[in-house]
Colleague: 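The structure's right below; bear with me while I get my questions together.
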There are 2 protein chains.
Amino acid sequence: MRRFVADKAKTLINRSRTTCSSSSPITTSTSVLQRLTSSSSQSPAVLRFLSTSSDSMASDYSSTPVTLNNVNPKVLKCEYAVRGEIVNLAQKLQQDLKENPGSHPFDEILYCNIGNPQSLAQQPITFFREVLALCDHPLILDKSETQGLFSADSIERAFQILDQIPGRATGAYSHSQGIKGLRDTIASGIEARDGFPADPNDIFLTDGASPAVHMMMQLLIGSENDGILCPIPQYPLYSASIALHGGTLVPYYLDEETGWGLEVSELENQLKTAKSKGINVRALAVINPGNPTGQVLAEANQREIVEFCKKEGLVLLADEVYQENVYVPEKQFHSFKKVARSMGFGEKDISLVSFQSVSKGFYGECGKRGGYMEVTGFSPEIREQIYKVASVNLCSNISGQILASLVMSPPKVGDESYESFAAEKEGILSSLARRAKTLEDAFSSLEGVTCNKAEGAMYLFPRINLPDKAIKAAEEAKTAPDAFYARRLLNATGIVVVPGSGFGQRPGTWHFRCTILPQEEKIPAIVSRLTEFHKQFMDEFRG
Amino acid sequence: MRRFVADKAKTLINRSRTTCSSSSPITTSTSVLQRLTSSSSQSPAVLRFLSTSSDSMASDYSSTPVTLNNVNPKVLKCEYAVRGEIVNLAQKLQQDLKENPGSHPFDEILYCNIGNPQSLAQQPITFFREVLALCDHPLILDKSETQGLFSADSIERAFQILDQIPGRATGAYSHSQGIKGLRDTIASGIEARDGFPADPNDIFLTDGASPAVHMMMQLLIGSENDGILCPIPQYPLYSASIALHGGTLVPYYLDEETGWGLEVSELENQLKTAKSKGINVRALAVINPGNPTGQVLAEANQREIVEFCKKEGLVLLADEVYQENVYVPEKQFHSFKKVARSMGFGEKDISLVSFQSVSKGFYGECGKRGGYMEVTGFSPEIREQIYKVASVNLCSNISGQILASLVMSPPKVGDESYESFAAEKEGILSSLARRAKTLEDAFSSLEGVTCNKAEGAMYLFPRINLPDKAIKAAEEAKTAPDAFYARRLLNATGIVVVPGSGFGQRPGTWHFRCTILPQEEKIPAIVSRLTEFHKQFMDEFRG
């Protein structure tokens, strides 16, 4: 039966590949699986919109003009599992628990579906918040009480930042790329990180990394014939953005057996296949450290990737938002720009975009929506087009811009805040490393589960060897086997994970993504709930 | 000669209309005019990106893969004049002035191109900033010094808001539509404004109004056959967004002679014409109060518009971001939702989206990127699609969300901040009204210039009857006549306005948009500089 589903998925993938000029292979295969899962999830998602009219049926809207038949088909095609059906169910259960405590076999929902550290009680870095508050309300900067409330270096930094903003106006639209002085700070931070020059005119500040990724997809995708090479598994922002822009996702599979290795031979094969189908592959997206896989690329591997992009004329889209999240001593983050420059490739040799976000790192300031992309190796005419697209939305939010400058230029030895800052940072990162290890060990000890190490990022992506009987039950429930497992897990334990089918996976394999973010003191309980659930699940379906 | 240009523009418009199924009539006509202007503006825009390699030529990038020939053609088509060539020139002149004071016949650049009040020294509303600072750094809420620095009601409000945020985590991603408690506050504010119920589940908080407009365009536009009725002149976010999403802008002309009146007969004619060309018109965009025109629609007119949308099955996209900017006693803002509900149209009778922003109003918090759309009259399935698209970007920034709740729920009589808040608000709005009147009178007194009243919003859109000789000179300079005038104005006075061709205008008429935002004490100097320039310009070209 497992083979049946796997074969079915393969057939669907192959079928879509043969007609690939009109649809993305992986998007199609993913959405096929997701369509299977969505029928059972329809109700909670729909219910959420009907609080004032819960008796309504869709047909009551028959006189309104927009229907599933005339909405943009690209929107229909787009999927985003990180906030998909399992999360909708979780929100419903949370509401249940609030209204009827004791109505489920757990007393809280544990959101392990999304890299959102502060939602799980991680505290913000004090220095960053001090500076943001002072920039929000500069009138207090000169008041004596302020000295007692804020660190001296946060006050000094707020003054410096305000001096960089024309008219000190934190409430004004900035330059479309972001405030020049903040881009100077970020460029210096990149130089310090890489040991190679960075130009503030290459920096585009954005509301988190997502809009930056959309901007590049918008630039590169003109039609379904334009393809983007994306890792499988991948963070579904990529598949969603490619679907919304009407392009084709060209998958390359990461090799689970070698710790989610990225093989250039796989890139070459997939590129060749895509080309033979008339796809014009424009770019290679690489997520390093990996999401959902947690792998950190070796420098030698990065060099091969740069060579490949150079040789094949591909833009290298480097998602480097987890650059500060590396947990193993044997690995280190190297930016693709540093790697390319150290190979002797200059500004005019390779087109490279690096994405960074304030949502990740040890600070995890997701709600601030700050980030930037560093755009190198594009001609002035193309830069002008990127600038124009940025201009249509005027600018990113100024608090996010300020925070992006702070994370690239934190307190230094000798600053008043340095010690407390360093302690906060070290406390978070070492705890994340411990949590990653504990959860990895827990997953690995489960029957039929293998789990690669989280070298970096914020996730584990364990593989579950599901019994045939479970796969059959999933099919009967019209859901993907991994979604079936995730749903059972949620209903039994309150733990929210994302099924692997939301990220893509080799046909016939099943995974889920679980963040390493729950509070450390809760981890033992999570491990025991999970272990108990898994044992019962396997007992129920073990053949 | 003027007729020649006008005829040429008309021919181009007609030509594009006859082939209209493959391109937008107005986008094409606009971009034709803008293409005329762009050759002369190429250099400053390009120069801005070359600070580290100013000797580079585009050809040096010959080995990079992205070129104007293979970039997404929709991006090439998109134009956004509010930050276009004149602004690029202004930034260059500003740099000149910094490096060589006295190098131009003025000592500062006056940015009247964009509704960005705080960039022109408008101060933020104190209460709003107090609350934002406290939410950014809640650790100080309990400190005794805080009582001395912040108003009691801002502290109380910050506590209330933090209580509405799960885990008090202002650094966490929120629900994709925004924090539920803040949406409750906004819905109450809408109810208080309209006297009709509002549902928090209808609110989608966004990073300013622009992403909300993009989201709706993305939903409605599947191909170039999908059309959106847009006013001409229009705020170019609409033309840009339609171009980026590959749809067709179906223009309807506002009637300058009747104070930029919106005639339903014009809507009917344009709809008919578009239909006859195979365009499937999906929505009507209305900007009220008007941008760039400043008109405030009469309620009776709004009723006709609602009737028209209902009859023709169009989504009504109501840009209501200037709802608090009305300057004349004879006009009042009415939301389209209030108008529709007062006509008896309920949730299931009409599809209506209202856009609001924290960038406008009397607060002008552009840099905070806060806003929302209220989405009514869409079936649950379609709402789910909108929710999915919102989810892909996770959420809007939390400070912007908080601010959106504050502008819809400001201090009330009896609150500690009420008097200072009311004084700040009244001070700004009355000053804006005076500035609007002074500038309107100044424009109207110029030779060959007529200027409608700014009833609302932040702009005047005077019409210039340019002498034939000026039109000829513009043609020789390969620029649109209004861009020629705006460029001369900038070079002579440092005043930055946006040529009417960036908004669309009746062929053969020429305008520019000028904000009413310069500091009041600077207005007399602006008027005299402008008057002197205009006199000299007319003397030079009067023929």
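Convention: sequence-line order gives letters A, B, ...; per-chain numbering from 1.
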Colleague: For B:Ile221, is it the side chain, the backbone, both, or neither that has a heavy atom closer than 4.5 Å to a heavy atom of chain A?
Modeller: backbone
Colleague: Evaluate the side-chain proximity of A:Ile114 to B:Tyr173: yes if any heavy-atom separation is below 4.5 Å, no if none is.
Modeller: yes
Colleague: Report which part of A:Leu244 has an atom under 4.5 Å of a heavy atom belonging to chain B: side chain, backbone, both, or neither.
Modeller: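 Both backbone and side chain.
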Colleague: Sort B:Ser176 into side chain, backbone, both or neither according to what part of it lies under 4.5 angstrom from a heavy atom of chain A.
Modeller: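 For B:Ser176, the contact with chain A is made by backbone and side chain together.
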Colleague: Are A:Asp202 and A:Phe378 side-chain neighbours, meaning at least one heavy-atom pair lies under 4.5 Å?
Modeller: no
Colleague: Which residue out of A:Leu68, A:Val213, A:Leu237 racks up the most heavy-atom pairs below 4.5 Å with chain B?
Modeller: A:Leu68
Colleague: In the structure I gave you, are the side-chain heavy atoms of A:Lys348 and B:Ser63 within less than 4.5 Å of one another anywhere?
Modeller: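 A side-chain contact is absent here, since even the closest heavy-atom pair is not under 4.5 Å.
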Colleague: For each of B:Ser399, B:Ala283, B:Ser210, B:Gly364, tally heavy-atom pairs with chain A at distances under 4.5 Å, and name the one with the top tally.
Modeller: B:Ser210
Colleague: Find the one option among B:Ile398, B:Ile165, B:Leu149, B:Asp349 whose heavy-atom pairs under 4.5 Å with chain A are most numerous.
Modeller: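 Sorted descending by pairs with chain A, the first entry is B:Leu149.
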Colleague: Quick check on A:Ser174 against chain B: is it the side chain, the backbone, both or neither that has a heavy atom closer than 4.5 Å?
Modeller: backbone
Colleague: Just so I understand: if I count every heavy-atom pair under 4.5 Å between each of B:Ala172, B:Gly222, B:Ala169 and chain A, which residue has the most?
Modeller: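 Looking at each of B:Ala172, B:Gly222, B:Ala169 in turn, B:Ala172 comes out on top.
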Colleague: With the side chain counted from C-beta on, respond yes when B:Leu352 and B:Val315 share a heavy-atom pair under 4.5 Å apart, and no when they do not.
Modeller: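 No, every pair of side-chain atoms sits at 4.5 Å or beyond.
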Colleague: If we only count heavy atoms from C-beta on, is the B:Val389 to B:Gln218 side-chain gap below 4.5 Å?
Modeller: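 Heavy-atom side-chain distance check passes, below 4.5 Å.
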Colleague: Any heavy-atom pair between the side chains of B:Asp199 and B:Thr376 that's under 4.5 Å?
Modeller: no
Colleague: How long is the gap from CD on B:Glu384 to OG on B:Ser391, to the nearest 0.5 Å?
Modeller: 10.0 Å
Colleague: Go through the atoms of B:Asn393 and report whether side chain, backbone, both or neither lie under 4.5 Å from a heavy atom of chain A.
Modeller: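 Both parts, heavy atoms under 4.5 Å.
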Colleague: Can you tell me which of A:Asn397, A:Thr146, A:Leu403 forms the most heavy-atom pairs within a distance under 4.5 Å of chain B?
Modeller: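 Maximum pair count with chain B is reached by A:Asn397.
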Colleague: Which bit of B:Asn70 comes within less than 4.5 Å of chain A, counting heavy atoms only: side chain, backbone, both or neither?
Modeller: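 When you check distances to chain A, atoms from both the backbone and side chain of B:Asn70 fall under 4.5 Å.
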Colleague: Between chain A and each of B:Ile350, B:Leu219, B:Leu314, count heavy-atom pairs under 4.5 Å; write down the option with the most.
Modeller: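 Winner by heavy-atom pair count: B:Leu219.
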Colleague: Taking the side chain as every heavy atom from C-beta outward, state whether A:Arg129 and A:Glu365 have any pair of such atoms under 4.5 Å apart.
Modeller: yes
Colleague: Side chain, backbone, both or neither: which part of B:Phe150 has a non-hydrogen atom closer than 4.5 Å to chain A?
Modeller: side chain
Colleague: Sub-3.5 Å donor-acceptor pair from the side chain of A:Gln118 to the main-chain atoms of B:Thr170, do we have one?
Modeller: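 The answer is no, because no donor-acceptor pair under 3.5 Å joins these two groups.
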Colleague: For a quick test of your reading: what N or O donor-acceptor pairs under 3.5 Å do the side chains of residues 131-139 of chain B make, sequence neighbours left out?
Modeller:
unit_1   : atom_1 : unit_2   : atom_2 : d
B:Asp136 : OD1    : A:Lys368 : NZ     : 2.4

Colleague: Between A:His214 and chain B, which part of the residue has a heavy atom less than 4.5 Å away: side chain, backbone, both or neither?
Modeller: side chain
Colleague: Using modelled atom types and a 3.5 Å cut-off, is there a donor and acceptor pairing between side-chain atoms of B:Ser351 and backbone atoms of B:Gly377?
Modeller: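 The answer is yes, because a donor-acceptor pair under 3.5 Å joins these two groups.
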Colleague: Hey, are the side chains of B:Gln94 and B:Tyr111 touching, using non-hydrogen atoms and a 4.5 Å cut-off?
Modeller: yes
Colleague: Please state whether the side chain, the backbone, both or neither of B:Arg282 comes within less than 4.5 Å of a heavy atom of chain A.
Modeller: side chain
Colleague: Need one label for B:Val392: side chain, backbone, both or neither, based on atoms under 4.5 Å from any heavy atom in chain A.
Modeller: both
Colleague: Taking only residues two or more places apart in sequence, or in another chain, which ones meet A:Gln122 in a side-chain hydrogen bond (donor to acceptor under 3.5 Å, both in side chains)?
Modeller: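 Counting only residues at least two positions away or on another chain, A:Gln122 forms no side-chain hydrogen bond (donor to acceptor under 3.5 Å, both in side chains).
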Colleague: Determine the option with the most heavy-atom pairs under 4.5 angstrom with chain A, choosing from B:Ile140, B:Val66, B:Leu76.
Modeller: B:Val66
Colleague: Is B:Ser144 in contact with chain A via its backbone, its side chain, both, or neither, using a 4.5 Å heavy-atom distance?
Modeller: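 It is neither, since no heavy atom gets under 4.5 Å.
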Colleague: Report which part of A:Val71 has an atom under 4.5 Å of a heavy atom belonging to chain B: side chain, backbone, both, or neither.
Modeller: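 Both the backbone and the side chain of A:Val71 come within 4.5 Å of chain B.
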Colleague: Is it the backbone or the side chain of B:Ala240 that comes under 4.5 Å from a heavy atom of chain A, or both, or neither?
Modeller: side chain
Colleague: B:Ser396, B:Gly208, B:Ala121, B:Pro124: which one forms the most heavy-atom pairs within less than 4.5 Å of chain A?
Modeller: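 The candidate making the most pairs under 4.5 Å is B:Ser396.
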Colleague: So for A:Asn280, is it side chain, backbone, both, or neither that comes closer than 4.5 Å to the heavy atoms of chain B?
Modeller: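 When you check distances to chain B, no heavy atom of A:Asn280 falls under 4.5 Å.
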